[in-house]
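Report on the following structure.
These numbers come from the heavy atoms of this one structure, side chains and all, not from hydrogens, waters or symmetry mates. Naming convention: chains lettered A, B, ... in sequence-line order (proteins, then strands); numbering from 1 in each chain.
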Amino acid sequence: GAVVSQHPSWVICKSGTSVKIECRSLDFQATTMFWYRQFPKQSLMLMATSNEGSKATYEQGVEKDKFLINHASLTLSTLTVTSAHPEDSSFYICSARLRGLMNTEAFFGQGTRLTVV
Amino acid sequence: QKEVEQNSGPLSVPEGAIASLNCTYSDRGSQSFFWYRQYSGKSPELIMFIYSNGDKEDGRFTAQLNKASQYVSLLIRDSQPSDSATYLCAVSKSGGYQKVTFGTGTKLQVIP
């Protein structure tokens with residue numbers, strides 16, 4: 001299957017600082033990437049849909065000014081958690097789908113565990 | 001009504017048995033259906049992807065889709081302890097730009 005690489009795999013930061021997470025599709029072009037958040041013992045919740053060259057679409061309840069998404073190229077999307085607080089501590093996972101209008105699989109990065117202290 | 005519903009489990013099966021995982025979805029416009037396996041603390045791993053009614057087999061895994069009943073299932077034959085994980089059902093509309101919506105997952109325990 002296609003490879004999606006996410007970096008870093010874990011990060012600890014102080015409250016009030018910002019953290020950037022990168023998501024790369026290594027062997028395919030991804031017009032659209034998705035950012036999910038998963039709290040312990042819960043399912044994946046979609047935060048936003050990232051489209052190359054345009055603004056991200058955020059799900060209801062997700063603060064766009066707090067979770068900045070940039071999709072600069074067909075292989076790279078970044079999520080920046082600004083002014084992080086302990087309640088932002090979670091497992092953040094990116095996903096990418098192959099380009100095209102037909103049914104396509106969705107591949108996931110390895111996730112980033114963020115701990116805000 | 002949740003978009004994607006799964007029994008949270010845990011579902012316990014003895015080693016070598018068949019594990020049956022079920023999922024229903026609410027959006028009749030859904031066209032792509034996925035089963036992911038997620039080990040604790042890890043990212044989801046794609047197990048099966050199906051978009052046509054009927055069965056799709058891959059090794060010990062068989063996905064079954066019934067769009068009329070809005071139902072998708074996953075059968076795991078000859079279950080192994082290493083299959084113990086949370087299985088996530090996910091659905092999407094057609095197209096690589098469409099979001100994928102997940103169920104809450106079913107925890108499977110395979111007892112040696």
Side-chain angles (χ1 to χ4, degrees), chain A residues 1-6 9-10 21 23 25 28-54 56-60 62 71 74 90-113, chain B residues 2-10 21 23 25 27 29-54 56 58-59 61 63 65 67 72 85-107:
Chain A
V3 179
V4 176
S5 177
Q6 192 172 338
S9 56
W10 61 270
I21 302 169
C23 179
S25 56
F28 67 101
Q29 291 184 329
T31 309
T32 306
M33 291 186 178
F34 306 88
W35 288 94
Y36 292 84
R37 179 168 55 182
Q38 186 177 37
F39 291 107
K41 299 187 185 302
Q42 296 186 24
S43 189
L44 281 75
M45 297 303 296
L46 180 66
M47 299 176 65
T49 301
S50 167
N51 296 297
E52 185 265 338
S54 65
T57 302
Y58 290 82
E59 295 298 300
Q60 190 173 11
V62 178
H71 196 152
L74 288 171
S90 187
F91 191 44
Y92 292 85
I93 315 173
C94 71
S95 173
R97 300 186 74 176
L98 300 173
R99 297 182 76 179
L101 299 178
M102 302 303 292
N103 296 298
T104 59
E105 296 148 284
F107 299 97
F108 283 82
Q110 57 266 59
T112 298
R113 186 159 303 282
Chain B
K2 291 182 179 178
E3 291 185 66
V4 182
E5 294 210 50
Q6 295 180 255
N7 188 319
S8 60
L21 305 165
C23 172
Y25 59 95
D27 187 348
S30 300
Q31 293 293 327
S32 302
F33 305 88
F34 311 85
W35 281 101
Y36 288 87
R37 177 173 62 194
Q38 187 177 29
Y39 294 110
S40 181
K42 301 294 185 182
S43 188
E45 172 193 8
L46 183 65
I47 298 295
M48 293 289 286
F49 167 51
I50 186 169
Y51 53 86
S52 298
N53 273 329
K56 179 180 180 181
D58 184 1
F61 300 96
L65 174 62
K67 290 184 180 180
V72 58
T86 296
Y87 288 79
L88 301 169
C89 172
V91 306
S92 171
K93 288 183 167 62
S94 181
Y97 56 95
Q98 297 283 2
K99 67 179 182 181
V100 178
T101 302
F102 285 82
T104 52
T106 298
K107 187 172 184 178

Per-residue contact mode, B:K42 against chain A (heavy atom under 4.5 angstrom): backbone
Against chain A, label B:Q6 side chain, backbone, both or neither, depending on which of its atoms sit under 4.5 Å from a heavy atom there. neither
Taking every heavy-atom pair that is under 4.5 Å apart, which of B:S8, B:G41, B:P44 has the most such pairs with chain A? B:P44
For A:L44, is it the side chain, the backbone, both, or neither that has a heavy atom closer than 4.5 Å to a heavy atom of chain B? both
Give the minimum heavy-atom separation between A:F34 and B:Q98, together with the two atoms involved. CZ-O, 3.1 Å
Is the number of heavy atoms from other residues, nucleotides or ligands within 6.0 Å of CD (A:Q110) greater than 12? yes
Where A:Y36 and B:V100 come nearest, the two heavy atoms and their spacing: OH-O, 2.6 Å
Greatest number of heavy atom pairs closer than 4.5 Å to chain A - which of B:T104, B:T101, B:L88: B:T104
Measure distances from A:Q6 to the heavy atoms of chain B and classify the residue's part below 4.5 Å as side chain, backbone, both or neither. neither
Qualifying residues under side chain to side chain donor-acceptor pair (under 3.5 Å), relative to A:Q42, sequence neighbours excluded: none
Set out, in order, the CA-CA distance, both residues' side-chain angles and the distance that settles ring-ring contact (aromatic ring centres under 6.0 Å, His included) for B:F102 and A:F108, then state yes or no. CA-CA 13 Å; B:F102 285 82; A:F108 283 82; 5.6 Å; yes
Who are the side-chain contact (heavy atoms from CB on, under 4.5 Å) partners of A:A48, not counting sequence neighbours? A:Y58, A:I69
Please report the interatomic distance OG(B:S40) to NZ(A:K41), rounded to the nearest 0.5 Å. 7.0 Å
Check whether any side-chain N or O of A:S43 sits under 3.5 Å from a backbone N or O of B:G103 as a donor-acceptor pair, and report yes or no. yes
If you round to the nearest 0.5 Å, how far is NZ of B:K99 from OG1 of A:T32? 13.0 Å
